[in-house]
Visitor: 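Take a look at this one; I'll ask things after.
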Amino acid sequence: MTEEVSEQRQSRLNKLAKLQDLGYNPYPYRFQPDSYAHPLQEKYKNLPNGENTEDRVTVAGRAMAVRNDGMFIDLKDKTGNIQIFCHKSHLDENNLKLLKCLDIGDIIGVSGFIRRTPRGELSVAAEKFDIIAKALEPLPEKFHGLTDVETRYRKRYVDLIINDDAKQILLTRCKIVSAVREFFNQNEFLEVETPTFHPIMGGANAKPFITHYNALDNDFYLRVATELYLKKLVVGGIDRVFEIGKNYRNEGIDKNHVPEFTGLEAYMAYGDYNDMADLIYKLVRFVVNKVFGTDKLVLEGHEIDFSKPFPKVSIIDLIKRETGVDFLSVETVEDARALAKSVGVDADHCSNWGKVVQEVFDEKVEATLIEPIHVSDMPKDISPLAKTHRDNPRLVEHFDTYLLGMELGCAYSELSNPLEQLERFKAQMAERENGDDEAQMLDESFIDALSYGFVPTTGMGMGMDRLAKLLTGAATLRDVILFPTLKKMK
RNA sequence: GGGCCCGUAGCUCAGUCGGUAGAGCAUUUGACUUUUAAUCAAAGGGUCAUGGGUUCGAAUCCCGUCGGGCUCACCA
């Protein structure tokens, strides 16, 4: 807090003191409205101009605008806006004194009768007026609102008060996550919470945050994924399990990436990745239906029909379709790099065949995938936790789901052979020793779990923030995150 | 991390060639009183992000720092 008091704040402090001099508490314990703006607007939409009713209501909300010295107040509650009409013929002396201490931004409670003004505005004609929270800071300007991005993130509460569009997007995100949860609950998945402090980094290729855990005197990784713990639960006999929670990856921030993000993972025993492809399609369709009440959304100018099952196409075929080259025709990393170069992609930094394939896909194919699609059968090199493909030992049964050119999630037929898993981890450790600090670590406790027998299982992961960004049309991931992390103020 | 751009009143923004800091809304005082970004009259409100430098003189030019945005690279 600044020590100097702004003129605007001082004016409000003066009014607060005046209220207290009157023996009035502008921070009461309780105030219960019985009506809300939008339902009232609906209920009385046919009330003619200039007509009064005998209907008494109590409303509460924030004073967003004040005209004619308080005679007209625009009240905003969680449902919408309604005008308050304060006329001295309906208010006693005391209430009129309170009205003089009103500022824009104060939260008020009003009881009165419903009328529509001659100019056509539905109003509550106040017979009792209360200030139930005196605001000491002014709201941003009524016409232009709050546009400064930094302030919108640092003071999200002000953004929510003033920017209805921003609020709508954030609330929709909450509904989306809620719908995801409902879908899994309906399908008899058990929701669990697994540790966020991991002794070993695993479940995804990423740079971790590291922190010290005093009570245990050990360094831990903040989780980059929930995968290994959830699979341990499947080993333990929990056949259908899911978790929605924060993952942390110590990497860059841009409109599609934030270091602290909300991940969904779900595991379904007795199925393979074809079953999961179907489940993901049903999940997304369910969410779109539930939240938007339709199958079709116009996103980034494209009409997307979520009622059609998402096609599943192999990454090799997609690259072939876009570039004409077949990466299965080459075996070595050198030949793969040369093939990449022949289609204009520099993959010299890629240390194995699979990474070259991924690089060419990212450069040439990713942006073209507008409609929902499962990009399947990834190179084994880049996917250490998925089962080897039943038809091709160089590939794994792993697909990534894309929408509007962005990766939304992934799914595997989960690798269940403990001996093969151990070999895959060893390959990851070799990558790590070659300088890839995002390669996964050998998790012996996970190998141990698999060694007790891991039923054939399919699993999926999906970024909830990304899903929300795509479905709401938000410009950046941070618009679907209530409090994005910013640098400390100095 | 690289490149580009931004930071001026509570908010939204002007500020020309380096020459006393501006507007609208908001605030204060008054008028008016069924308004709709109410209107009318007047007033107050500034460490021009911050620290240096150049200069007779810096919001303006130069350098550093802090914070933010866009973008490229990396990751999902």
Side-chain angles (χ1 to χ4, degrees), chain A residues 2 4-15 49-50 52 64-74 81 83-89 103-105 115-123 125 135-155 158-159 161-163 203-208 224-225 247-265 346 349 355 358-359 362-363 366 382 400-402 406-410 436-439 461-467 469 475-478 484 486-490:
Chain A
T2 50
E4 289 168 28
V5 176
S6 76
E7 181 195 25
Q8 307 241 2
R9 187 180 175 90
Q10 188 57 55
S11 157
R12 286 158 184 264
L13 286 170
N14 293 345
K15 287 177 187 171
N49 291 1
N52 289 0
M64 301 303 290
V66 178
R67 291 179 291 280
N68 292 39
D69 282 332
M71 188 182 293
F72 301 97
I73 302 165
D74 290 342
N81 297 282
Q83 178 168 273
I84 305 301
F85 175 66
C86 291
H87 199 274
K88 52 192 169 196
S89 59
D103 283 300
I104 292 170
R115 66 183 292 251
R116 190 177 292 281
T117 66
R119 300 287 185 100
E121 192 70 32
L122 188 72
S123 305
L136 300 182
E137 288 295 326
L139 291 180
E141 192 224 357
K142 60 188 168 188
F143 194 58
H144 299 93
L146 177 66
T147 64
D148 181 76
V149 175
E150 182 177 0
T151 309
R152 287 186 47 225
Y153 291 160
R154 287 197 197 275
K155 300 193 175 199
V158 180
D159 193 31
I161 291 167
I162 210 85
N163 290 326
N205 294 43
K207 291 193 188 89
V224 298
N247 292 333
Y248 306 89
R249 299 187 185 175
N250 210 341
E251 294 161 5
I253 301 175
D254 63 31
K255 61 186 173 192
N256 294 325
H257 299 84
V258 284
E260 175 181 348
F261 66 98
T262 303
L264 156 73
E265 287 189 36
D346 176 11
H349 58 283
K355 286 182 180 174
Q358 179 78 53
E359 181 72 21
D362 289 348
E363 289 293 317
E366 185 171 17
I382 61 171
D400 289 342
T401 304
Y402 280 82
M406 182 158 78
E407 184 183 341
L408 186 56
C410 65
D436 181 354
D437 57 1
E438 294 179 5
M462 186 178 286
M464 292 292 92
D465 312 280
R466 283 187 169 189
L467 179 65
K469 174 183 181 262
T476 143
L477 226 39
R478 301 215 277 186
L486 297 175
K487 283 201 178 188
K488 288 187 202 173
M489 300 282 274
K490 293 203 174 166

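Each chain gets a letter, A, B and so on, in the order the sequences are listed, and its residues count up from 1.
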Visitor: With a 3.5 Å distance limit and no angle check, can you tell me whether A/Arg116 reaches the backbone of A/Glu121 through a side-chain donor-acceptor pair?
Guide: no

Visitor: Compare the ring of A/His257 with the six-membered ring in the base of B/rC75 and state whether they stack (centres under 5.5 Å, planes under 30°).
Guide: yes

Visitor: Which is true for A/Gln83 with a 4.0 Å heavy-atom rule: it touches a base, it touches only sugar-phosphate, or it touches nothing?
Guide: base

Visitor: Which one is paired to B/rG1, where only Watson-Crick or G-U wobble pairs with both distances under 3.5 angstrom count?
Guide: B/rC72

Visitor: Indicate whether OP1 or OP2 belonging to B/rU71 is found under 4.0 Å from a side-chain N or O atom of A/Lys255.
Guide: yes

Visitor: At under 4.0 Å between heavy atoms, what does A/Gly145 touch on the DNA or RNA strands: base, sugar-phosphate, or nothing?
Guide: sugar-phosphate

Visitor: Counting only side-chain N and O atoms of A/Lys142, is one of them less than 4.0 Å from OP1 or OP2 of B/rU36?
Guide: no

Visitor: What is the pairing partner of B/rC25, taking Watson-Crick or G-U wobble pairs with both distances under 3.5 Å in any strand?
Guide: B/rG10

Visitor: What does A/Glu150 touch in the nucleic acid at a heavy-atom separation under 4.0 angstrom: a base, only the sugar-phosphate, or nothing?
Guide: sugar-phosphate

Visitor: Side-chain N or O of A/Lys207 less than 4.0 angstrom from OP1 or OP2 on B/rG1?
Guide: no

Visitor: B/rU34, B/rU27, B/rG68: which one has an atom nearest the side-chain heavy atoms of A/Pro118?
Guide: B/rU34

Visitor: Under 4.0 Å, counting only non-hydrogen atoms across every strand here, what does A/Arg466 touch: a base, just sugar-phosphate, or nothing?
Guide: base

Visitor: Which nucleotide, B/rU28, B/rC25, B/rC74, lies nearest any side-chain atom of A/Glu359?
Guide: B/rC74

Visitor: Tell me: NE2 of A/His144 to P of B/rC13, nearest whole Å?
Guide: 7 Å

Visitor: Look at all strands and tell whether A/Asp148 reaches a base, only sugar-phosphate, or nothing, counting heavy atoms closer than 4.0 Å.
Guide: sugar-phosphate

Visitor: Kindly indicate, with the supporting measurements, whether the criterion side chain to side chain contact (heavy atoms under 4.5 Å, CB included) is fulfilled by A/Gln83 and A/Arg67.
Guide: CA-CA 11 Å; A/Gln83 178 168 273; A/Arg67 291 179 291 280; 2.9 Å; yes

Visitor: Pick base, sugar-phosphate or nothing for A/Arg115, based on heavy-atom distances below 4.0 Å to the nucleic acid.
Guide: base

Visitor: Side chains of A/Asp103 and A/Lys15: does their closest heavy-atom pair fall under 4.5 Å?
Guide: yes

Visitor: Taking any heavy-atom pair under 4.0 Å as a contact, classify A/Ile162: base, sugar-phosphate, or nothing.
Guide: nothing

Visitor: State which of B/rU27, B/rU36, B/rA37 makes the closest approach to the side chain of A/Ser11.
Guide: B/rU27

Visitor: To the nearest 0.5 Å, how far apart are OG1 in A/Thr401 and CE in A/Met462?
Guide: 5.5 Å

Visitor: Looking at B/rC74, B/rA37, B/rG10, which one has an atom nearest to any side-chain atom of A/Phe143?
Guide: B/rA37

Visitor: Among the candidates B/rU27, B/rA37, B/rC11, find the nucleotide nearest to the side-chain atoms of A/Glu7.
Guide: B/rU27

Visitor: Would you tell me if any nitrogen or oxygen in the side chain of A/Lys487 comes within less than 4.0 Å of OP1 or OP2 on B/rG67?
Guide: yes

Visitor: With both distances kept under 3.5 Å, what pairs with B/rC40, Watson-Crick or G-U wobble?
Guide: B/rG30

Visitor: Specify the separation, in whole Å, of atom CD of A/Gln8 and atom C1' of B/rA9.
Guide: 9 Å

Visitor: Heavy-atom distance under 4.5 Å between the side chains of A/Ile162 and A/Pro140, does that happen here?
Guide: yes

Visitor: Could you tell me whether A/Thr147 contacts a base, only the sugar-phosphate backbone, or nothing, with contacts defined as non-hydrogen atoms closer than 4.0 Å?
Guide: sugar-phosphate

Visitor: Mind checking A/Asp69 for me? I need base, sugar-phosphate or nothing, with any heavy atom below 4.0 Å counting as a touch.
Guide: base

Visitor: Among the nucleotides B/rG10, B/rC75, B/rG68, which one has an atom lying closest to any side-chain atom of A/Asp254?
Guide: B/rC75

Visitor: Using the six-membered ring of A/Phe85, assess whether NZ or CZ of A/Arg115 lies under 6.0 Å from its centre and within 45 degrees of the ring axis.
Guide: yes

Visitor: With heavy atoms under 4.0 Å as the rule, sort A/Glu407 into base, sugar-phosphate or nothing.
Guide: sugar-phosphate

Visitor: Looking for any heavy atom pair under 4.0 Å, which part of the strands does A/Val258 touch: base, sugar-phosphate only, or nothing?
Guide: base

Visitor: Compare the minimum distances between each of B/rU28, B/rU33, B/rC25 and the side chain of A/Glu141, then state the nucleotide with the smallest one.
Guide: B/rC25

Visitor: Any idea which of B/rU27, B/rC11, B/rU34 is nearest the A/Ile104 side chain?
Guide: B/rU27

Visitor: Within the structure, does a side-chain N or O atom of A/Arg249 lie under 4.0 Å from either OP1 or OP2 of B/rC74?
Guide: no

Visitor: Considering every strand and a 4.0 Å limit on heavy-atom distances, what is the contact class for A/Lys155: base, sugar-phosphate, or nothing?
Guide: nothing

